Student: 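Take a look at this one; I'll ask things after.
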There are 2 protein chains.
Amino acid sequence: MKAQVRLKDVAEAAATSTKTASRVINGDPRVAEETRARILAAVRDLGYRPDPTARSLRKGTDDTLGIVVDSIADPFFAAVTGTIERLAIARGLRVMIASTGRDPRIEATVVDDLLARRVAGLIVAPTASDHSYLAHAPCPVLFVDRRPDGLDGETVLVDDNDGARRAVAHLAARGHRRVGYVGGKMDVATTRNRLQGYRDEVAASGLQADESLVRIGRNTADEGRAATLELLALPEPPTAIFSSNTRCSLGVVAALHACERTDVALVCFGDFPLADVLAPGVTVIDHDPLAIGQLAAETMFERLAGAPATGRDLTLPLRLIPRGSGEQPVPT
Amino acid sequence: MKAQVRLKDVAEAAATSTKTASRVINGDPRVAEETRARILAAVRDLGYRPDPTARSLRKGTDDTLGIVVDSIADPFFAAVTGTIERLAIARGLRVMIASTGRDPRIEATVVDDLLARRVAGLIVAPTASDHSYLAHAPCPVLFVDRRPDGLDGETVLVDDNDGARRAVAHLAARGHRRVGYVGGKMDVATTRNRLQGYRDEVAASGLQADESLVRIGRNTADEGRAATLELLALPEPPTAIFSSNTRCSLGVVAALHACERTDVALVCFGDFPLADVLAPGVTVIDHDPLAIGQLAAETMFERLAGAPATGRDLTLPLRLIPRGSGEQPVPT
DNA sequence: CTGTTAGCGCCTTCAG
DNA sequence: CTGAAGGCGCTAACAG
């Protein structure tokens with residue numbers, strides 16, 4: 001491998017000092033035009049590329065954005081992360097992505113590492129645990145999808161409670177009185193808020209508040225499928241189901257189709273591919289991951305540019321998309 | 001923010017030199033037990049964490065793996081990347097992920113940047129362009145999904161040609177003579193190989209080789225949908241379709257269902273959620289992204305440990321999963 | 001077994 | 001407008 005071209009080499013080739021070369025590289029205007037031209041020529045000739053590591057060590061900061069999510073393989077987070085990355089690159093920023101697997105200890109480790117690498121900013125989907133240690137982070141911190149515990153962090157999210165309420169209200173309006181709930185583990189705020197919204201609307205609409213209709217702790221399609229079968233096997237099964245996340249939804253849909261019970265009404269939190277192709281189409285509460293990613297990225301860019309954090313939630317709107325499954329009537 | 005704890009602080013607290021403290025941190029055995037204990041105590045007391053940037057600058061290498069893929073939002077690459085990341089973290093390695101958007105210039109930029117950051121190893125899904133510049137990379141390089149141009153790089157992939165052939169042969173065995181092809185742009189080797197496999201098998205099975213049946217350059221679900229409608233509108237439409245990638249497949253499936261033409265047989269390259277739930281279920285050639293990620297990660301770990309690259313392809317097996325759509329008979 | 005010296009490549013003083 | 005010296009935090013050489 002050929003030796004690395006250093007700033008010093010550029011300076012020598014241009015018959016000047018490293019500092020002046022550095023000024024040109026960093027766009028400092030106080031350099032004579034002629035000198036600048038000579039240095040730029042040398043940069044081109046030698047193929048000089050600044051060493052980000054050395055720069056980072058010296059400046060104490062890096063042009064990298066840290067992103068911490070549950071799992072990069074989760075389609076929701078993949079879409080959010082992909083959007084942020086695209087916009088970051090367009091602004092000349094790099095991106096480091098790390099997954100937590102929803103483990104607070106792993107989260108602490110990867111966040112520590114990212115901070116040690118002097119990231120310019122940090123975007124985190126927080127797991128359940130105390131995040132007060134991020135109150136004095138040396139860089140802007142922005143949360144996505146969930147509010148952090150123990151800290152008034154600025155957060156980009158949707159109104160999970162309201163979304164769940166609207167889903168249940170939609171079913172209630174079609175006459176359903178027994179609505180099942182399938183959702184994830186309660187260690188995640190998103191899940192808690194959606195379940196709360198379900199319970200709020202069950203109470204508000206005067207639906208049957210039967211705890212045997214509530215199946216939580218289901219984080220995979222297989223668990224969602226199993227939960228659905230359990231609900232259908234109840235002595236008094238629900239006539240409608242609200243699925244609280246996409247992983248579950250894929251299992252719920254699979255179970256209903258496998259049992260040929262698509263007469264059971266269904267509303268899912270989160271859109272997914274082919275939801276509109278199934279028969280009946282799946283009615284969803286859509287929370288657009290691209291919009292979330294875009295708002296997160298733009299907010300972070302503002303913080304990096306010096307705009308102070310509001311500390312308030314940035315709430316994105318939800319859309320209910322009726323496609324058929326949520327409009328199934330109560331069997332007579 | 002409180003000042004960073006440096007190695008020097010640890011050394012002073014332990015009444016020794018930075019070099020000895022460094023030895024302890026790095027597990028060098030040639031340190032007296034007593035000194036080691038004193039230093040470890042100081043590390044704990046002060047909460048010392050080594051600075052990866054400084055270490056990287058000095059050592060000329062980093063414990064970070066670079067991953068470069070088309071798009072982190074693509075489910076296939078999300079799954080591959082997620083698997084690699086999980087395994088890397090388990091081995092104490094960090095991961096930097098970058099997307100190219102299939103643009104060779106962006107690829108060159110992000111690869112350059114990753115190399116400038118002294119990544120320990122690089123895993124790349126190459127875009128169309130000359131990759132010979134990676135022949136002398138200062139770290140192990142491994143390719144995934146596609147073979148690089150202009151370079152005998154070690155590559156983890158599946159046999160795209162064979163998979164396409166098997167898909168077409170499967171349809172031919174059911175009596176189909178006119179099989180449509182829907183696929184992506186030809187700038188990607190994967191696509192070229194799948195189209196070649198299609199053509200090879202069309203010839204081998206004596207099917208009708210009609211170029212109007214071939215729709216390439218379709219990289220999104222919408223484009224896949226449009227291509228399907230075009231095929232169905234032909235004076236002599238195909239009785240079966242082979243879809244060459246998942247993005248297309250989602251559009252093809254949507255179009256067939258929207259037109260109520262699920263009598264048209266369909267085999268898709270790449271499995272996707274709900275493929276087994278649709279009616280009929282979608283027959284696919286499955287290339288397991290988790291297995292690809294795992295093999296890539298493990299191969300990279302071997303290279304990092306010093307095992308020389310074989311320079312040969314690491315080919316993973318493909319499975320044809322019949323679910324109904326690929327077994328539709330020719331209408332009589 | 002331990003410590004001193006000298007950088008890695010860059011940028012920030014502070015003088016010219 | 002330009003340059004020389006010093007140091008970011010760490011570790012490889014090379015002594016002791």
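Nothing here was measured: the structure is a model prediction, and the numbers come from that model. By convention in this document, chain letters (A, B, ...) are assigned in the order of the sequence lines, proteins followed by strands, and residues within each chain are numbered from 1.
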Student: Are side-chain heavy atoms of A:Leu134 and A:Pro148 found at a separation under 4.5 Å?
Tutor: no
Student: Give a yes/no answer on whether the side chain of B:Thr16 brings an N or O atom under 4.0 Å of OP1 or OP2 in C:dG3.
Tutor: yes
Student: Side chains of B:Thr299 and B:Glu154: does their closest heavy-atom pair fall under 4.5 Å?
Tutor: yes
Student: Taking only distance into account, with no hydrogens and no angle test, what donor-acceptor pairs under 3.5 Å do side-chain atoms of residues 74-82 of chain B form with protein atoms, sequence neighbours excluded?
Tutor:
| unit_1 | atom_1 | unit_2 | atom_2 | d |
| --- | --- | --- | --- | --- |
| B:Asp74 | OD1 | B:Phe76 | N | 2.8 |
| B:Asp74 | OD2 | B:Arg247 | NH1 | 3.1 |
| B:Thr81 | OG1 | B:Phe77 | O | 2.6 |

Student: Can you check whether A:Ser17 has a side-chain N or O nearer than 4.0 Å to OP1 or OP2 of D:dT2?
Tutor: no
Student: Check whether more than 12 heavy atoms from other residues, nucleotides or ligands sit under 6.0 Å from atom CZ of A:Arg105, and answer yes or no.
Tutor: no
Student: Is B:Arg36 atom CZ crowded by more than 12 heavy atoms from other residues, nucleotides or ligands, each under 6.0 Å away?
Tutor: yes
Student: Respond yes when some side-chain nitrogen or oxygen of A:Thr20 is under 4.0 Å from OP1 or OP2 of D:dG3, and no when none is.
Tutor: yes
Student: For the pair A:Glu85 (side chain) and B:Ser99 (backbone), establish whether a donor and an acceptor sit closer than 3.5 Å, ignoring hydrogens and angles.
Tutor: yes
Student: Rounded to the nearest 0.5 Å, what separates atom CG in B:Leu290 from atom CD1 in B:Ile292?
Tutor: 9.5 Å
Student: Looking at B:Asp152, I'd like to know if its CG atom is crowded, meaning that more than 12 non-hydrogen atoms belonging to other residues, nucleotides or ligands lie closer than 6.0 Å.
Tutor: no
Student: Using heavy atoms and a sub-4.0 Å distance, could you list which residues of residues 28-38 of chain B are near DNA chain D? By number, please.
Tutor: none
Student: Encode nucleotides 7-16 of chain D as B, S and - characters from 5' to 3', where the letter depends on protein heavy atoms closer than 4.0 Å: B to the base, S only to sugar-phosphate, - to neither.
Tutor: BBBBBBB---
